[in-house]
Protein chains: 2
Amino acid sequence: MNIGAAAEHSGLPAKTIRYYEDIGLLRASRATNGYRDYSTDDLHRLKFLQRARSLGFTVEECRQLLSLYADKDRDSADVKAIASNKLDEIDKKIAQLQSLRAVLSHLVANCHGNDRPDCPIIDDLAGEAH
Amino acid sequence: MNIGAAAEHSGLPAKTIRYYEDIGLLRASRATNGYRDYSTDDLHRLKFLQRARSLGFTVEECRQLLSLYADKDRDSADVKAIASNKLDEIDKKIAQLQSLRAVLSHLVANCHGNDRPDCPIIDDLAGEAH
DNA sequence: GCTTGAACTTCCAGTTACTAGAACCTTTAT
DNA sequence: ATAAAGGTTCTAGTAACTGGAAGTTCAAGC
C-alpha cells in the first residue's frame with residue numbers, strides 16, 4: 001500500500017508519516033519503484049501513533065508506547081506509568097490555564113472596550129495596580 | 001543599566017531580552033563600551049512583556065499590546081479585543097485538555113498496572129475497542 | 001601593572017512536531 | 001504522447017527561546 005492510502009487509512013498526513021520514518025518511529029519497506037510500501041501491521045502502527053498523538057502523548061512517549069505495544073510480555077504497569085504521567089501533566093496544564101483564565105477574564109470584564117484610552121488591561125500589564 | 005540588572009528587574013533572562021531585541025520587540029541604546037543600556041522606560045517595557053507573556057499572549061500579540069501601550073490615544077476596545085481573543089483561545093484549550101483528560105483517566109483507571117501484559121490502554125491505542 | 005573572574009558581546013545550533021515548497025521521477029488515464 | 005496525480009529527496013521555516021563557543025570589557029585584588 002502506497003503512502004497516500006496509508007495516510008488516508010491512518011488519519012495522518014503523508015508528510016507526517018515520512019517524518020515519523022525520518023526520526024525512526026517506524027520504517028516501511030520499499031517497492032521496486034522506490035515507493036514506500038505499507039503492510040497491515042504498518043497500518044496498525046500508524047493508527048496507533050495517530051491515536052496516541054491525539055491523546056497528547058509526545059513523539060518520544062509514542063516511541064516507548066510503540067515498543068510496549070510490540071512487546072507481548074510487557075508489564076501493563078509500564079504502560080500505566082506513562083499514561084499516568086501524562087494525566088498529571090494534563091492536570092497541571094489545565095490548572096495553569098484556568099488560573100490564567102481567571103486573571104484574564106477579570107481584566108476583560110473590567111475594560112470598557114470603547115474608544116477611550118483608559119484600559120485596566122494595559123494598566124495591569126504596565127504594573128499599575130488599580 | 002546593563003542587561004544583567006535589567007534581567008533581574010524584569011524577571012526575564014538576559015538571553016530572552018537579547019532575543020526580543022533581535023526580533024525587534026524593543027531596542028536598547030548602547031553605552032560607549034558596546035554594552036546595552038536600559039532606561040527606566042525600557043525597564044517598564046520589559047516588565048510589560050514579562051507580564052503579557054506570562055498571561056499567555058504570544059510574542060506577536062505582545063508586539064501589538066506594546067504599541068497600544070505606547071499609544072496614549074488608543075481605544076481600550078482594541079486592547080480588549082486582543083485579550084478577549086486570547087480568552088477564547090484559552091477556553092478552547094481548556095476544553096480540549098479536559099476531554100483528553102476524560103479519555104485518558106478512564107483508560108488509566110481500567111488498567112491494572114501490574115506485571116501482566118494485558119492492558120486496556122494499549123488495546124485502546126491499538127484500536128481494539130473492548 | 002597584571003591577572004583573574006564575572007559579565008558582556010555576537011553568532012550558530014538545537015529544541016518540538018511538523019509543514020511548505022522545490023526539483024525530480026513514476027504511474028495512471030486519456 | 002502527454003498531462004495529472006502521486007511518489008521521491010532535500011532544504012528551510014514555524015514559536016519562543018536556550019545552550020554553548022569564542023571573543024571583549026570591567027571590577028577587584030595583589
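Computed from a predicted model, the values in this text were never measured in an experiment. Side chains included, hydrogens not; waters and symmetry mates left out as well; all remaining heavy atoms used. Residue numbers start from 1 in every chain, and the chains themselves are labelled A, B, ... in the order their sequence lines are given, proteins ahead of strands.
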TODO: Can you establish whether the number of heavy atoms outside B:Arg27 located under 6.0 Å from its atom CZ is more than 12?
DONE: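 12 or below, so no.
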
Contact between [X] and [Y] at the side-chain level, heavy atoms closer than 4.5 Å - yes or no?
X: B:Arg45; Y: B:Tyr20; answer: no
X: A:Thr16; Y: A:Leu49; answer: no
X: B:Met1; Y: B:Asp42; answer: no
X: A:Phe57; Y: B:Leu104; answer: yes

Distance below 4.0 Å between [X] side-chain N/O and [N] OP1 or OP2:
X: A:Arg36; N: D:dG7; result: no
X: A:Arg30; N: D:dG7; result: no
X: B:Tyr20; N: D:dA16; result: no
X: A:Thr16; N: C:dT19; result: yes

Open item on the list: Strictly distance-based, threshold 3.5 Å: is any side-chain N or O of A:Asn110 a donor or acceptor partner for the main-chain N or O of A:His106?
Closed with: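 Such a contact is found between A:Asn110 side chain and A:His106 backbone.
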
Open item on the list: Using the rule given for side-chain contact (heavy atoms from CB on, under 4.5 Å), can you reason through B:Gln64 versus B:Asp78, listing the C-alpha separation, both sets of side-chain angles and the distance that settles it, and then say yes or no?
Closed with: CA-CA 10 Å; B:Gln64 297 171 46; B:Asp78 292 341; over 6 Å; no

Integer-rounded Å distance: [N] [atom2] and [X] [atom1]:
X: A:Asp22; N: C:dT16; atom1: CG; atom2: P; answer: 15 Å
X: A:Ile17; N: D:dT9; atom1: CD1; atom2: P; answer: 13 Å
X: A:Asp37; N: D:dG6; atom1: CG; atom2: C1'; answer: 15 Å
X: A:Tyr19; N: C:dT15; atom1: OH; atom2: P; answer: 10 Å
X: B:Ile3; N: D:dT25; atom1: CD1; atom2: P; answer: 17 Å
X: B:Phe57; N: D:dA16; atom1: CZ; atom2: P; answer: 13 Å
X: B:Leu25; N: D:dA15; atom1: CG; atom2: C1'; answer: 13 Å
X: A:Glu21; N: D:dT8; atom1: CD; atom2: C1'; answer: 11 Å

[X] near the nucleic acid: base, sugar-phosphate alone, or nothing, with a heavy-atom cut-off under 4.0 Å?
X: A:Arg18; result: base
X: B:Arg53; result: sugar-phosphate
X: B:Ile23; result: nothing

Open item on the list: So, taking the atom named CZ in A:Arg101 and the one named CG in B:Asp88, what distance separates them when rounded to the nearest 0.5 Å?
Closed with: 9.0 Å

Task: Nearest-neighbour nucleotide for the A:Val59 side chain, C:dA17, D:dA16, C:dT9 considered - done: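 So the nucleotide nearest the side chain must be C:dA17.
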
Open item on the list: I need the residues from residues 82-100 of chain B with at least one non-hydrogen atom less than 4.0 Å from DNA chain C; give them sorted by number, or say none.
Closed with: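 When residues 82-100 of chain B is checked for heavy atoms under 4.0 Å from DNA chain C, there are no hits whatsoever.
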
Task: Lys/Arg-Asp/Glu bridge criterion (N-O < 4.0 Å) met for A:Lys86, A:Glu89 - done: yes

Open item on the list: Does this structure show an ion pair linking A:Glu21 with A:Arg18, if we count only N-O contacts that are shorter than 4.0 Å?
Closed with: no

Task: Under 4.0 Å protein heavy-atom contact, by nucleotide of nucleotides 22-30 of chain C - B base, S sugar-phosphate only - done: ----BS---

